[in-house]
Amino acid sequence: MSRLVKLWWLQPGWLFALVVGLTMSAAGFQSDAAYRLYRTAKYLGTEHLVIAGLAIACFVLGTAVGERTASRRPVESPPHNLVRTWFRVATGLTIFGYVVWFALAVRQGLSLAALFEFFSLSNEAANFDLTEQVFQRIPGITTCTQFGPAAVLLGGWLWLHGDRSVRWPVLTIMGLGAFRALFTSERLALVELVVPLAILGLRGLVLGQVWRPEVRWSLRLAPLAGLLALGVFFGGFEYFRSWRTYQTSFDSFPQFVVWRISGYYTTSHNNGALGLAQHGQWPLPHSTLRNLWEFPGVEGSPLAYTKLTGVDPAAVHGEMLARYANPELNNEGGLFQPLFDFGLAGGLAFWGLYGFFAGRAYRGYMTGSFAGLVFYPLVLLSILEVPRLLYLCYTRAFPTLVLLLLVSWLVSRAAPRSHPSAPELADEPVGAPC
């Protein structure tokens with residue numbers, strides 16, 4: 001038996017082609033009648049399938065170039081005390097954000113009775129009341145909760161290097177993320193913790209190890225198990241989110257889950273196609289620079305996007321859905337967002353550049369560099385989210401990206417290069433199992 005060196009679905013080019021190809025095919029070939037079940041018309045046409053194919057080709061090409069041009073130098077051995085210090089900073093900021101958020105929620109009427117009422121399927125307003133009227137945000141303060149992914153990734157790195165003291169802080173953050181996902185209808189708050197940590201764990205605990213043939217095959221087919229896990233995860237939260245509204249319209253809960261989850265992905269691509277037809281390119285790049293335009297303080301300043309351009313993209317999107325589609329299924333669709341900013345040629349170039357950086361991050365992940373280990377899990381998550389949104393361009397990802405960039409820079413300055421932080425996984429000969 002040989003070591004398991006790599007898994008095909010961890011490679012960003014393969015993953016992007018799989019995720020975008022499958023979801024776009026499902027969206028493109030779905031009938032008009034099927035879209036009407038989601039209370040929207042079908043706007044996807046052959047030209048959108050061609051654009052998707054070109055985007056996949058550009059991303060795959062960029063990934064190949066990124067992998068081949070990435071540094072092959074020996075990986076650094078980060079000082080554990082440095083990483084531990086920033087783990088504590090990220091954890092403290094995350095907990096602070098949640099404490100303030102919960103304190104504000106209690107002030108707005110949060111109580112045990114309100115939480116128990118949430119579980120009553122007869123009360124359709126419970127979910128709305130908690131999300132819109134109780135769990136309100138303070139920009140710049142409750143945003144601290146978004147240091148959670150950084151804390152979990154730094155904690156995961158420390159755990160893989162023998163530091164067991166991170167267990168309870170990481171579990172606490174995961175528990176808070178689960179609470180937020182359930183009671184504020186924000187599943188991504190838990191997904192952005194679980195998925196990156198799992199990808200980091202795969203590199204540290206699975207890759208490079210010797211496994212029996214049946215285990216190797218199971219790991220290669222993990223995307224199939226991932227689809228099942230997605231259904232279970234999505235259905236579990238949707239049971240308390242929208243099943244209370246639709247339970248009289250379906251013969252069974254599993255039937256509802258399949259219908260609902262497929263709608264999230266197909267209507268996201270469809271909304272993107274609708275946006276291309278209705279408003280076309282923005283006056284200034286917005287979707288890919290959302291972190292800049294939504295940074296605390298910018299929206300109310302003379303540099304606000306609406307003041308510079310006279311256009312409010314969020315309002316335009318909402319009005320478009322209200323008039324032509326279904327405001328309940330309001331995901332913008334990440335695949336076409338770069339085209340809104342840069343046009344067709346620029347949008348395809350964006351995906352090529354995105355693939356380039358994804359390829360370099362993947363190479364760092366495989367060689368065991370600190371930056372690769374903490375950044376590539378977020379890149380992989382962003383690829384999984386492309387059918388719905390541009391995750392790394394959203395404000396929620398900004399705190400984690402900034403903190404991890406800072407820590408990676410400090411590590412590169414402080415770490416000696418004599419001892420690797422994780423063993424490099426050399427590529428296997430052509431034809432070897434992976």
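Values in this document were obtained by computation on a predicted structure and should not be read as measured data.
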**Q** Aromatic rings Tyr376 and Tyr365: how do their planes relate, parallel, tilted or perpendicular, breaks at 30° and 60°?
**A**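 Aromatic pair Tyr376/Tyr365 classed tilted.
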**Q** Does Val379 offer a backbone N or O that forms a donor-acceptor pair with the side chain of Ser382 under 3.5 Å?
**A**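 Answer holds: yes.
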**Q** May I ask you to decide if Trp259's main-chain N or O and Tyr38's side chain share a donor-acceptor pair within less than 3.5 Å?
**A**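 Yes; judged by distance alone, with no hydrogens or angles, the pair exists.
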**Q** So for atom CZ, which belongs to Phe357, do other residues, nucleotides or ligands contribute more than 12 heavy atoms lying within a distance under 6.0 Å?
**A**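 No, not enclosed.
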**Q** Can we call the ring centroids of Phe16 and Tyr354 under 6.0 Å apart?
**A**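 Ring centroids of Phe16 and Tyr354 are no less than 6.0 Å from each other.
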**Q** Does the separation of the ring centres of His80 and His161 fall below 6.0 angstrom?
**A**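 Here the rings of His161 and His80 have centres that are less than 6.0 Å from each other.
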**Q** Decide yes or no for Glu238 and Tyr246: does some side-chain heavy atom of the first lie under 4.5 Å from some side-chain heavy atom of the second?
**A**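 Not in contact.
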**Q** Could you tell me whether the side chain of Tyr305 reaches within less than 4.5 Å of the side chain of Glu294, counting heavy atoms only?
**A**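 Contact flag for Glu294/Tyr305 side chains = no.
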**Q** Shortest non-hydrogen contact from Ser287 to Trp282?
**A**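 Closest approach of Ser287 to Trp282: OG-NE1, 3.7 Å.
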**Q** Can you tell me how far apart OG1 (Thr69) and CD (Glu67) are? Round to the nearest 0.5 Å.
**A**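 Reported to 0.5 Å precision, the distance equals 9.5 Å.
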**Q** Do the ring centers of Phe340 and His279 come within less than 6.0 Å of each other?
**A**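 Yes - the distance between ring centres of Phe340 and His279 falls below the 6.0 Å cut-off.
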**Q** Shortest non-hydrogen contact from Gly231 to Val257?
**A**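 In terms of heavy atoms, the two residues are closest at O-CG1, 3.8 Å.
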**Q** Give the minimum heavy-atom separation between Leu390 and Gly334, together with the two atoms involved.
**A**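 So the two residues come closest at CD2-O, 3.5 Å.
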**Q** Please verify the inter-ring angle class for Tyr239 with Trp243; under 30° counts as parallel, over 60° as perpendicular, anything in between as tilted.
**A**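 Parallel.
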**Q** If you round to the nearest 0.5 Å, how far is CD of Glu192 from CZ of Arg187?
**A**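 Spacing of CZ (Arg187) from CD (Glu192) equals 13.5 Å.
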**Q** Run Gln146 and Thr400 through side chain to side chain contact (heavy atoms under 4.5 Å, CB included) and show every step you take.
**A** CA-CA 7 Å; Gln146 289 307 129; Thr400 281; 5.6 Å; no
**Q** Using the side chain to side chain contact (heavy atoms under 4.5 Å, CB included) rule, take Asp341 and Phe350 through it: C-alpha gap first, then chi angles, then the decisive distance, then the call.
**A** CA-CA 10 Å; Asp341 286 357; Phe350 172 90; over 6 Å; no
**Q** Could you check whether any side-chain N or O of Asn270 sits under 3.5 Å from a backbone N or O of Ala41, counting only pairs where one atom can act as donor and the other as acceptor?
**A**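 The answer is yes, because a donor-acceptor pair under 3.5 Å joins these two groups.
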**Q** Would you say the rings of Tyr35 and Tyr43 are close, in the sense that their centroids are separated by under 6.0 Å?
**A**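 No, ring centres 6.0 Å or more apart.
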**Q** Please enumerate all residues that pass salt bridge (Lys or Arg N to Asp or Glu O under 4.0 Å) together with Asp163, with sequence neighbours excluded.
**A**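 So Asp163 forms a salt bridge (Lys or Arg N to Asp or Glu O under 4.0 Å) with Arg84.
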**Q** Indicate yes or no for a side-chain donor-acceptor contact from Lys42 to the backbone of Ala33 under 3.5 Å, with no hydrogens or angles considered.
**A**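 Not at all, since once roles are kept as given, no pair shorter than 3.5 Å links the two residues.
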**Q** Please answer whether the main-chain N or O of Leu7 pairs with a side-chain N or O of Trp14 as donor and acceptor at a distance below 3.5 Å.
**A**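 No: the side chain of Trp14 does not pair with the backbone of Leu7.
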**Q** Would you say the side-chain atoms of Asn331 pair up with the backbone N or O of Gly333, donor to acceptor, closer than 3.5 Å?
**A**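 No; judged by distance alone, with no hydrogens or angles, the pair does not exist.
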**Q** Which residue in the set Phe102, Trp101, Tyr98 passes ring pair (Phe, Tyr, Trp, His ring centres under 6.0 Å) when paired with Phe179?
**A**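 For Phe179, the ring pair (Phe, Tyr, Trp, His ring centres under 6.0 Å) test succeeds with only one of Phe102, Trp101, Tyr98, which is Phe102.
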**Q** Is the backbone N or O of Thr266 less than 3.5 Å from a side-chain atom of His269, with the two atoms forming a donor-acceptor pair by type?
**A**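 Between the backbone of Thr266 and the side chain of His269 there is no qualifying donor-acceptor contact (under 3.5 Å).
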**Q** List the steps, then state whether side chain to side chain contact (heavy atoms under 4.5 Å, CB included) holds for Leu405 with Phe375.
**A** CA-CA 9 Å; Leu405 280 171; Phe375 275 110; 3.7 Å; yes
**Q** Are more than 12 heavy atoms, taken from residues, nucleotides or ligands other than Asp32, located less than 6.0 Å from that residue's CG atom?
**A**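 Enclosed.
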